[in-house]
Protein chains: 2
Amino acid sequence: MSAPAPYARVKAWLKNGLARGRWPAGRPMPSEADLVARFGVSRMTVNRALRELQSEGLVTRSQGRGTFAAPLHRVAARLTIRDLHEEIEAGGHVHRARVHRARAEPAPAAVAARLGLAAGGRAFHTVIVHSRDGVPLQCEDRWVNPAAAPDYLGVDFTRTTPTHYLLEVAPFWKAQYGIEAGVPTALEARLLGIGAREPCLVVTRRTEDHQRPITLARLVHPGSRYTIEGGFAP
Amino acid sequence: MSAPAPYARVKAWLKNGLARGRWPAGRPMPSEADLVARFGVSRMTVNRALRELQSEGLVTRSQGRGTFAAPLHRVAARLTIRDLHEEIEAGGHVHRARVHRARAEPAPAAVAARLGLAAGGRAFHTVIVHSRDGVPLQCEDRWVNPAAAPDYLGVDFTRTTPTHYLLEVAPFWKAQYGIEAGVPTALEARLLGIGAREPCLVVTRRTEDHQRPITLARLVHPGSRYTIEGGFAP
DNA sequence: GGAATGTACTTGTCTAGACAAGTTTCGGCA
DNA sequence: TGCCGAAACTTGTCTAGACAAGTACATTCC
């Protein structure tokens with residue numbers, strides 16, 4: 001059991017003070033010089049502690065003015081979405097994918113627009129149902145820009161998830177998400193084995209490259225079987 | 001237009017290489033010494049660049065072994081949940097809150113347990129409907145630990161949101177979230193003016209202090225009116 | 001062959017000092 | 001009174017060097 005590093009000591013001290021409301025938001029916190037004197041460490045060390053707190057969103061700093069407790073009003077809580085395959089296997093369960101469609105099709109107008117294709121252009125379309133221990137958990141309806149992943153249709157999606165494959169051949173640069181509640185389409189209800197009016201958690205995701213959109217996915221989860229969970233500690 | 005700082009140049013160069021798949025995951029990336037030689041900057045400078053990439057989850061580093069491109073399989077995308085009031089006002093809309101209940105009540109067993117109260121203990125209970133431009137967007141059913149916010153019931157919630165107030169009097173230290181799709185309770189359906197079977201996005205949130213749970217909230221949003229959106233750029 | 005050892009390389013961290021650049025404050029001047 | 005500029009303070013960044021500690025690999029010894 002070794003002593004924590006000095007920068008970590010400073011950081012912990014500050015974090016603790018922040019947690020118990022010392023330094024009300026808007027009033028300046030100790031300056032780097034103060035902390036140097038208080039802890040007897042060099043300025044680079046306290047700078048690192050403060051910079052990390054800043055990147056964690058706990059303080060705001062501005063040149064010439066000082067360091068301030070971040071207005072926590074912004075509850076900016078983060079939650080993460082993981083690859084379903086990993087999530088299932090990490091929990092010690094069995095993941096299985098059933099491919100219901102995998103072919104090139106003319107993209108509907110709305111899809112073509114969001115994929116940056118000409119109206120009526122062809123794109124790869126897969127519909128895959130992912131299950132955990134035999135229970136369908138997600139229906140993944142995905143369109144892929146052929147320019148970004150030309151060999152997409154050659155992949156065996158019972159062994160590799162589209163997400164995983166696409167990350168390898170076309171790492172994304174930007175992504176957008178939407179999470180909403182909705183009802184499944186008739187096809188989705190049938191594939192998932194649920195009622196037509198059962199509430200579903202619908203995640204839509206679009207990723208792009210530097211130049212072009214890569215893929216557009218609609219992930220439908222039965223509300224009774226899937227929850228996105230997250231924790232958050234400042 | 002000034003030149004970017006050296007550490008930022010190094011970081012951008014690395015980020016770019018990562019984005020285009022140089023350094024396949026598992027094979028070592030340039031060491032700090034390499035980068036020092038390549039960019040003609042000091043080691044602290046490249047160290048900062050690498051450390052920031054690490055904290056962004058783009059690389060993994062390990063003492064004695066080297067720096068590696070992070071296996072991007074982990075799609076770990078972050079999305080943020082903001083305070084509804086801020087979100088509405090930021091969009092230039094009018095936020096209004098209607099308080100339907102605000103009183104101390106014996107907490108149901110499930111609530112008492114999660115709030116760390118004795119079975120049958122009393123807690124503050126508020127039910128508030130938030131609307132945007134007159135349309136109900138969220139039904140907020142909240143239980144508050146009286147020990148954490150004794151004056152909770154004295155607040156005028158048509159002017160301050162519970163989230164905002166609680167963050168001021170009892171900043172949280174840890175939070176847990178769940179997002180799921182479900183149907184509203186009869187009361188929620190009535191307050192939101194929606195059908196009893198309309199799919200809703202249900203967010204549950206629990207925050208705690210160092211010592212004790214602070215609050216437990218169930219936020220119900222009509223699926224047709226509310227979406228959680230987020231973006232993500234590595 | 002197998003084990004111990006030494007060496008080279010890696011990241012982790014700290015230091016003392018420096019200059020740049022933004023903000024605030026206060027004194028002096030018109 | 002009102003304006004202006006200097007001083008003091010803040011953060012932002014970089015440097016050159018140092019020691020610690022973990023890892024990998026070749027060499028040496030049994």
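Chain A is the first sequence line, chain B the second, and so forth, proteins listed ahead of strands; every chain is numbered from 1. All values below were derived from every heavy atom in this structure, side-chain atoms included, with hydrogens, water molecules and symmetry-related copies excluded.
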Does [X] place a side-chain N or O at less than 4.0 Å from the phosphate oxygens OP1/OP2 of [N]?
{"X": "B:R65", "N": "C:dT11", "answer": "no"}
{"X": "B:T45", "N": "D:dT13", "answer": "no"}
{"X": "B:S31", "N": "C:dT10", "answer": "yes"}
{"X": "A:S62", "N": "D:dT11", "answer": "no"}
{"X": "A:R43", "N": "C:dT15", "answer": "no"}

Length of the line joining [X]:[atom1] and [N]:[atom2], which is rounded to integer Å:
{"X": "B:E32", "N": "D:dG17", "atom1": "CD", "atom2": "P", "answer": "16 Å"}
{"X": "A:L35", "N": "D:dT11", "atom1": "CG", "atom2": "C1'", "answer": "13 Å"}
{"X": "A:R61", "N": "C:dT23", "atom1": "CZ", "atom2": "C1'", "answer": "15 Å"}
{"X": "B:R48", "N": "C:dT13", "atom1": "CZ", "atom2": "P", "answer": "15 Å"}
{"X": "A:L53", "N": "D:dG12", "atom1": "CG", "atom2": "P", "answer": "12 Å"}
{"X": "A:M44", "N": "C:dC19", "atom1": "CE", "atom2": "C1'", "answer": "14 Å"}
{"X": "A:Q63", "N": "D:dC14", "atom1": "CD", "atom2": "P", "answer": "13 Å"}
{"X": "A:R27", "N": "D:dT10", "atom1": "CZ", "atom2": "P", "answer": "16 Å"}

If each of A:P6 and B:L50 is mapped to the nucleotide of DNA chain C with the nearest heavy atom, which maps nearer the 5' terminus, i.e. the 5' end? B:L50
Mapping A:G40 and A:G64 onto DNA chain C by nearest heavy atom, which one lands closer to the 5' end? A:G40
Remember a base hit wins even if backbone is also touched, and classify B:R51 as base, sugar-phosphate or nothing at under 4.0 Å, heavy atoms. nothing
Between A:W13 and A:F39, ring centroids under 6.0 Å: yes
Centroid-centroid under 6.0 Å between B:H95 and B:H130 rings: yes
The single option from B:L53, B:D34, B:V59 passing side chain to side chain contact (heavy atoms under 4.5 Å, CB included) against B:T67: B:V59
Should the ring pair A:Y165 and A:F157 be called parallel, tilted or perpendicular, given that the plane angle runs from 0 to 90° and is split at 30 and 60? perpendicular
B:R43 and B:N47: side-chain donor and acceptor closer than 3.5 Å? no
Considering only side-chain heavy atoms of B:N47, which listed nucleotide, C:dA16, C:dT13, D:dT15, is closest? C:dT13
